[in-house]
Amino acid sequence: MSTTATRQHKVVSQQEWLAARKVLLEREKKLTRERDAIAAERRALPWIKVKKDYVFDTPGGKKTLADLFDGRSQLLVYHLMFAPDWDAACLGCSYVSDHFDGALQHLANRDVTLVAVSRAPLAKLLPFKQRMGWRFKWYSSFGTDFNRDFHVTFTKTEMAASKMYYNYKIQSFPMEEGQGLSAFYKDSAGNIFHTYSTYGRGVEPFINAYNLLDLAPKGRDEQNQEPIPMAWVRHHDKYENNYFEPVSSELAT
Amino acid sequence: MSTPATAKQHKVVSREEWVKARKELLAKEKRLTHERDALAAERRALPWVKVEKNYIFESPTGKKTLADLFDGRSQLIIYHFMFGPEWQEGCPSCSFLMDHTDGALIHLAQRDVAFAAVSHAPIDRIEPFKKRMGWKFNWVSSSDSDFNYDYHVSFTPEQKAKGKVEYNFDRMEFPSTEGPGISVFYQDKNGDIFHTYSAYARGTETAVTTYNYLDLVPKGRDEDHLPFTMAWVRHHDRYDSGYLADANRPYWPDSTDLKSPLR
């Protein structure tokens, strides 16, 4: 961890700080408005009609994509990386998922259902969910095209060629699973539309730990983390002994 | 709730056409992410102010100094939770924000950050409410200190009587005796404490991840028709009944005053 020595940092009077803070405030307000404007552009995106009948494995049996809306008109699906032969969910995805539960009731009251979908079979998801103490709904897309169609699972051929379509471009990606968030809308006639998907750093605003670290003196403090910025992240029950649990050979290296 | 856009009102296109539009938006989203990074760097470059007062807080286990709240870490984030001394419950909008905090704390601790909520209400009002809400974060009372006044999140009757109070680095009319905000402190090896940052009003909004999700869905935050932005928010155990906490709503504007505390 880097050291922020106070003797290196400028210490000023309240008055001088206030002047600097007000300059920054104007820039912060501008960013807030840009965020609002981009959210409006997102809502203006066209939609695509979903024509396939996706069926998921859930603790209550088979459910269709329509069922996942749970009576609401908007559905958010977090593509949580958990390949069928992994023993645990990806660390970064678990870090994201640790922040879901607090939002669920509030989202429900804005007509939004938030769920997670992974490719691993339910028999792997459920014990892990219990271990992590998560309450959000988590479904398995095992044996369906869902993950492929939303570009969060890659084939062995794609991996061998280092050519995966992820985050709207062909690129090399280190694992067979990718993470992201997809939004769907269901109209009163029961038609379902894919409205939006985001990948990569697009999910960062849901990681409240990052939102708060961005306010702190040391920030995210990841410049020395190898091989990825999130290398410091563990499953939340494994920080005490700094235990690193490999979820796949790729992640362990 | 406003009428959802129906499919016949909304443009439906082929995947190819959608991807083209999505990529254009992606470029803008990436620019926004980079601006956010740049702004976080500017925040870290802000000068600091040495904290000269010895603030004392009431905790469930007795008196705590500001230094104690760091809990062995060098960085402290404080959420100024609106809960006046006479109120029955904490402000619903602050409760909304704080519902998103517990999941982050264990990860923040790994990044050398301690967290505490601070309210003006006495600790014996805070504790039962915290228990009811099922929260785990550290929450202390500043009832016997100047802390809330010094960080511009509590206003005296005299200040309120003058019409305008100092909030969000400005002078404004404010609908409540308490205001929301986030303040950040650093403690060096000698035990000196520095105030590094404070944010108020919409400056705290990124910590409300429900809003970040709503910014991705077709209906968005869906607040345009409401008297103020967070008028739909209830304590998370009160959505079914729709019950508004204190009958006199000390944390919310009167129906005649449409300004939100978070605007």
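Here the structure is a predicted model, which means the values were calculated and not measured.
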Side chain, backbone, both or neither of A/Thr198 within contact of chain B (heavy atoms, under 4.5 Å): both
Top of A/His99, A/His236, A/Gln74, A/Arg43 for chain B proximity - count of heavy-atom pairs under 4.5 angstrom: A/Gln74
B/Thr210 side, atom OG1; A/Phe100 side, atom CZ - distance, nearest 0.5 Å: 11.5 Å
B/Lys28, part contacting chain A, at a heavy-atom distance under 4.5 Å: both
Contacting region of B/Val113 [heavy-atom separation from chain A under 4.5 Å]: side chain
Heavy-atom donor-acceptor pair, B/Arg22 side chain to A/Ser197 backbone, under 3.5 Å: yes
Top of A/Ala37, A/Gly202, A/Pro205 for chain B proximity - count of heavy-atom pairs under 4.5 angstrom: A/Pro205
Steps toward side chain to side chain contact (heavy atoms under 4.5 Å, CB included) verdict (A/Val117, A/Phe146): CA-CA 9 Å; A/Val117 170; A/Phe146 188 76; 3.9 Å; yes
Within 6.0 Å of NZ in A/Lys163, more than 12 heavy atoms from elsewhere: no
Residue B/Asp37 versus chain A: region with a heavy atom under 4.5 Å: side chain
Under 3.5 Å donor-acceptor, B/His236 side chain and B/Arg238 backbone: no
Whether B/Phe194 and B/Trp48 hold their rings parallel, tilted or perpendicular, with breakpoints at 30° and 60°: tilted
Atom group of B/Leu25 that falls short of 4.5 Å from chain A, counting heavy atoms: side chain
Chain B contact via A/Lys30 - which portion, at a heavy-atom distance below 4.5 Å: neither
Partner chain B: residue of A/Arg220, A/Lys169, A/Lys49, A/Lys29 with the largest heavy-atom pair count (under 4.5 Å): A/Arg220
Contact winner vs chain A - B/Ser198, B/Ser74, B/Ala199, heavy-atom pairs under 4.5 Å: B/Ser198
Atom CZ of A/Arg33 with >12 non-hydrogen neighbours under 6.0 angstrom: no
Centroid separation A/Trp134 to A/Phe128 less than 6.0 Å: yes
A/Asp101 portion near chain B, given a 4.5 angstrom heavy-atom threshold: neither
Engaged part of B/Leu76 at the chain A interface, taking heavy atoms whose separation is under 4.5 Å: neither
Residue B/Val49 versus chain A: region with a heavy atom under 4.5 Å: both
Worked check of salt bridge (Lys or Arg N to Asp or Glu O under 4.0 Å) between A/Arg42 and B/Asp215: CA-CA 8 Å; A/Arg42 233 173 247 144; B/Asp215 283 347; 5.4 Å; no
B/Asp102 side chain vs B/Phe137 backbone, donor-acceptor pair below 3.5 Å: yes
Approximate separation, where rounding is to 0.5 Å, of A/Thr113 OG1 and A/Phe184 CZ: 13.0 Å
Interchain contact, B/Arg221 with chain A, by part (heavy-atom threshold 4.5 Å): both
Mutual orientation of the aromatic rings belonging to A/Trp232 and A/Tyr239 [parallel < 30°, tilted 30-60°, perpendicular > 60°]: parallel
Part of A/Leu215 within contact of chain B (heavy atom distance under 4.5 Å): both
From CG (B/Leu105) to CD (B/Gln110), nearest 0.5 Å: 11.5 Å
Residue part contacting chain B, namely of A/Leu181, when any heavy atom lies under 4.5 Å: side chain
Largest heavy-atom contact set with chain B, pairs under 4.5 Å, which of A/Ala183, A/Ala103, A/Gly200: A/Ala103
Part of A/Leu114 lying under 4.5 Å from any heavy atom of chain B: side chain
Sub-4.5 Å side-chain heavy-atom contact between B/His80 and B/Phe147: yes
Under 4.5 Å from a heavy atom of chain A, the part of B/Leu216 involved: both
Exceeds 12 heavy-atom contacts within 6.0 angstrom, atom NZ of B/Lys53: yes
Most contacts with chain B, counted as non-hydrogen pairs under 4.5 angstrom, among A/Glu16, A/Lys22, A/Arg27: A/Arg27
When A/Arg21, A/Glu204, A/Gln105 are compared by non-hydrogen pairs under 4.5 Å with chain B, the top option: A/Arg21
Under 4.5 Å from any heavy atom of chain B - which part of A/Leu76: side chain
Contacting moiety of B/Gln75, where chain A heavy atoms sit under 4.5 Å: side chain
Interface moiety of A/Leu25 toward chain B, non-hydrogen atoms closer than 4.5 Å: side chain
Toward chain B, the part of A/Gln14 with a non-hydrogen atom under 4.5 Å: both
Chain A contact via B/Ala41 - side chain, backbone, both or neither, heavy atoms under 4.5 Å: neither
A/Tyr210 portion near chain B, given a 4.5 angstrom heavy-atom threshold: neither
Which atoms of B/Val19 approach chain A - backbone, side chain, both or neither, heavy atom under 4.5 Å: side chain
Contact origin within A/Val12 toward chain B - heavy atom pairs under 4.5 Å: both
Residue among B/Glu42, B/Lys50, B/Met98 with most heavy-atom pairs under 4.5 Å to chain A: B/Glu42
Backbone of A/Tyr196 reached by a side-chain donor or acceptor of A/His194 within 3.5 Å: yes
Atom CZ of B/Arg132 with >12 non-hydrogen neighbours under 6.0 angstrom: yes
Over 12 non-hydrogen atoms of neighbours within 6.0 angstrom of NZ in A/Lys129: yes
B/Leu26, part contacting chain A, at a heavy-atom distance under 4.5 Å: side chain
Contact winner vs chain A - B/Ile106, B/Ile182, B/Thr101, heavy-atom pairs under 4.5 Å: B/Ile106
